[in-house]
Protein chains: 2
Amino acid sequence: MRDVAREVGVSVATVSRYINGSAPVSPEVAERLEQIMAELKYVPHSAARQLATRKTMVVGLLLTNMYNDFFGPLLYGIESVVGEHRYNLLVATCRLDNQTNISLPIGPHNTDGLLIFAGSIKDDDLAELSSQGFPVVLIHHTAPESLSIPCVTVENKAATYKLVSHLIEDHDRRQIVFMKGPSQQEDSYWRKLGYLNALRDHDIEINPKLMLTGEFLHGVAYRSLKDFIDRSDPIDFDAVFTGDDDAAIGVVEALTECGIRIPEDVAVAGFDDSRLSAFLNPPLTTVRAPTAEVGRIAAKNLFNLIEGHPVDDVTLLPTEIILRRSCGCNSG
Amino acid sequence: MRDVAREVGVSVATVSRYINGSAPVSPEVAERLEQIMAELKYVPHSAARQLATRKTMVVGLLLTNMYNDFFGPLLYGIESVVGEHRYNLLVATCRLDNQTNISLPIGPHNTDGLLIFAGSIKDDDLAELSSQGFPVVLIHHTAPESLSIPCVTVENKAATYKLVSHLIEDHDRRQIVFMKGPSQQEDSYWRKLGYLNALRDHDIEINPKLMLTGEFLHGVAYRSLKDFIDRSDPIDFDAVFTGDDDAAIGVVEALTECGIRIPEDVAVAGFDDSRLSAFLNPPLTTVRAPTAEVGRIAAKNLFNLIEGHPVDDVTLLPTEIILRRSCGCNSG
DNA sequence: CCGGTTACTGTAACCGGTTACATTATTCCA
DNA sequence: TGGAATAATGTAACCGGTTACAGTAACCGG
């Protein structure tokens with residue numbers, strides 16, 4: 001920058017003002033600046049600018065991991081909004097079970113705001129950020145009431161309720177296995193509630209033996225269901241709500257291996273409507289969750305927060321039931 | 001930091017030295033520092049540190065977009081290595097066709113090195129970075145020879161050659177449609193070459209009419225093949241090499257819609273072995289590309305570059321043919 | 001013709017760290 | 001016991017921008 005200033009014959013202040021448009025600059029100087037900056041390929045150093053302005057033009061995204069299909073669309077949604085605002089996106093992963101008390105890799109010291117996915121932060125870290133008035137938006141995870149941090153997630157309970165009711169009412173299933181998701185993720189809780197309420201409202205007794213562990217991972221779900229099948233001979237269940245689509249992969253695999261027909265013997269339903277689900281054999285009945293939209297809205301909310309605008313405390317995006325063959329529909 | 005120093009009764013220099021372990025600090029002071037830093041929840045400001053040390057502890061990833069299944073595994077591989085090195089990952093998207101001459105969102109001014117995916121940067125920008133001695137690793141894209149920038153990609157040609165030969169030799173196909181990928185991506189070129197060589201070595205004449213546009217996108221591939229089918233009545237092809245698995249989705253959809261049986265009437269083969277491919281109907285014969293591994297190695301190479309170690313100019317990861325039902329194998 | 005804007009520019013303090021250099025106290029060894 | 005090395009710390013310059021403040025010159029309305 002000094003070089004540019006010297007070359008043009010003005011002070012660095014003038015260069016800075018021209019770049020930021022923070023004060024008028026004479027046309028002749030402007031032209032010279034434009035030319036010299038191009039010639040010298042000058043690019044302002046972000047760290048210096050960050051230090052002086054106390055803005056980083058970066059938003060952070062904190063995830064638990066990157067290997068679920070879920071994150072592709074989420075990132076896509078986030079990135080598109082972040083890009084529009086000419087911000088950059090800093091991505092970090094951090095698991096809750098990481099008990100070592102190291103501080104977060106991203107935070108107020110290197111970003112202007114944080115998008116935090118379920119289970120990637122401890123409540124007290126969150127409280128700390130919040131108390132500093134640092135902009136934070138949670139994704140698929142609501143904050144402790146006392147904090148009032150905005151959150152963007154999807155309607156889990158109603159959709160699960162509706163889907164399980166569909167299995168009961170339209171396909172006459174009553175022994176419905178439920179695969180639990182990771183306990184740190186609220187989605188797991190609400191989906192379970194939807195399931196339980198549906199059973200209750202249809203006067204079906206809840207059978208704890210039918211509650212298996214799926215963890216939203218096909219490997220875990222596969223193992224879990226396989227063991228369950230081995231334990232229960234003959235089969236005494238007629239449907240599986242897999243928790244999410246990834247787990248559904250494992251479920252379908254396990255059932256198929258055991259020669260159990262889908263949906264004739266056992267109906268299967270998932271959650272997410274990930275790209276895969278339409279291609280499973282049979283195509284998976286599931287709940288469409290607008291994941292990219294979640295990312296987009298979360299990012300938008302974060303920018304509103306950064307700019308000081310008000311933001312809804314909870315944004316619950318609607319979900320939609322997608323009936324395919326795995327529950328017994330569309331058999332034609 | 002000043003606060004911490006004052007509270008402990010030492011100078012900021014001592015605080016800095018303790019934090020960085022750059023010089024010995026007396027045990028008593030160390031203990032006091034530890035305590036006060038925790039109390040004040042002090043976290044060093046990255047921008048200030050960056051400015052003073054001229055290191056950002058950030059690597060950048062430049063992509064064309066985020067909506068291909070390909071990027072999930074790639075990011076996963078990259079992030080795992082970046083995290084290990086306690087660096088952060090700055091993600092930005094930038095399309096080549098973006099002819100406006102704006103400078104890159106990430107570069108030497110805010111990162112210590114760049115991972116650049118095919119087609120997200122212009123050659124002269126690349127030359128500029130290279131001439132500054134800035135660490136860069138290319139992904140699925142080799143630099144102009146003059147530059148000698150390391151690149152990590154997968155073996156495209158040999159695998160495509162082998163797969164097309166398989167269609168010819170084992171399934172007796174001779175009218176093989178080829179769907180071209182995006183022209184800025186080298187993968188497209190090498191896969192095409194593999195296809196052409198396979199035809200040549202089996203004395204099959206090349207028919208330009210069989211070269212369609214797939215762009216590695218299911219939507220484009222679907223449209224393209226559908227039009228082709230409409231134009232050619234009766235069908236005069238017996239196989240499709242789709243270019244990649246995403247395009248294969250569109251191809252399968254188009255064929256199925258037209259009542260063309262896979263693989264009886266038309267064999268289909270893809271590239272990537274994305275998660276979907278095993279679940280397509282029929283399961284897709286494809287080439288397994290170790291995408292996460294590409295990300296991992298690219299990141300490792302970048303760190304080697306940053307640390308001044310030598311790095312291979314081109315890393316070509318082996319690919320493997322996966323035979324499933326869509327080509328006519330495993331029909332049992 | 002004059003006080004008040006407005007346009008443009010420079011000087012220098014500041015953002016929050018790091019580190020070269022200087023200083024003092026202590027230890028070590030011939 | 002004296003000189004050199006070592007430990008522990010402080011002072012202040014510096015990284016590369018931004019911006020408050022001040023100043024000059026041209027312009028404008030009465």
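A, B, ... follow the sequence lines: proteins, then strands. Residue 1 opens every chain.
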DNA chain D nearest-nucleotide lookup for His45(A) and Val29(B): closer to the 5′ end is Val29(B)
Quiz item: What nucleic acid atoms does Ser26(B) come within less than 4.0 Å of, heavy atoms only: base, sugar-phosphate, or nothing?
Solution: sugar-phosphate
Leu51(A) atom CG is separated from dT19(D) atom C1', nearest whole Å, by 14 Å
Among the nucleotides dG16(D), dT11(D), dC21(D), whichever has the atom closest to the side chain of Arg17(A) is dC21(D)
Side-chain donor/acceptor of Arg2(A) to base of dG17(D), under 3.5 Å: no
Residue pairs passing the ring pair (Phe, Tyr, Trp, His ring centres under 6.0 Å) test with at least one member in residues 9-67 of chain B, sequence neighbours excluded, are Tyr76(A)-Tyr67(B)
Taking only the side-chain nitrogens and oxygens of Arg49(B), find out if one of them lies under 4.0 Å from OP1 or OP2 of dT18(C). yes
Here the distance between atom C1' of dG16(C) and atom NE2 of His109(A), to the nearest Å, is 13 Å
When rounded to whole Å, the CG to C1' distance for the pair Asn20(B) and dG17(C) reads 9 Å
(request) For the residue pair Glu128(B) and Gln132(B), confirm or rule out a side-chain donor-acceptor distance under 3.5 Å. (result) yes
Is Val15(A) touching bases, backbone alone, or none of the nucleic acid, heavy atoms closer than 4.0 Å?
nothing
Rounded to whole Å, the CD-P distance (Glu28(B) to dA7(D)) equals 15 Å
### Message
At 4.0 Å (heavy atoms only), tell me whether Tyr18(B) reaches a base, stays on the sugar-phosphate, or touches nothing.
### Response
nothing
Between CD of Gln50(A) and C1' of dT18(D) the distance, given in whole Å, is 13 Å
Please classify the nucleic acid contact of Ser16(A) as base, sugar-phosphate, or nothing, using heavy-atom distances under 4.0 Å. base
(Q) Tell me if the aromatic rings of Phe70(A) and Phe216(A) count as close, with their centers under 6.0 Å from one another. (A) no
- Note, Leu126(B) side chain near His141(B) side chain (heavy atom, < 4.5 Å): yes
The residue, Ala48(A) or Thr14(B), whose nearest nucleotide of DNA chain D is more 5′ is Thr14(B)
Whole-Å distance, Met37(A) CE to dG17(D) P, equals 10 Å
Rounded to whole Å, CD1 of Ile19(B) lies from C1' of dG16(C) at a distance of 11 Å
Rounded to whole Å, CE of Met1(A) lies from C1' of dC14(D) at a distance of 16 Å
Between the CD1 atom in Ile106(A) and the CG atom in Leu90(A), the distance rounded to the nearest 0.5 Å is 5.5 Å
Checking N1-N3 plus N6-O4 or O6-N4 for Watson-Crick, or N1-O2 and O6-N3 for wobble, each under 3.5 Å, the partner of dA7(D) is dT24(C)
Open item on the list: With hydrogens left out and only the distance checked, is there a donor-acceptor pair under 3.5 Å joining Arg54(A)'s side chain and the base of dG16(C)?
Closed with: no
Check whether Asp272(B) reaches the backbone of Ala289(B) with its side chain - one donor and one acceptor, N or O, closer than 3.5 Å. no
Ranking dT9(C), dC15(C), dT18(C) by distance to the side chain of Val25(A), first place goes to dT9(C)
> NA contact type, Ser11(A), heavy-atom cut-off 4.0 Å: base, sugar-phosphate, or nothing?
Replying inline: base
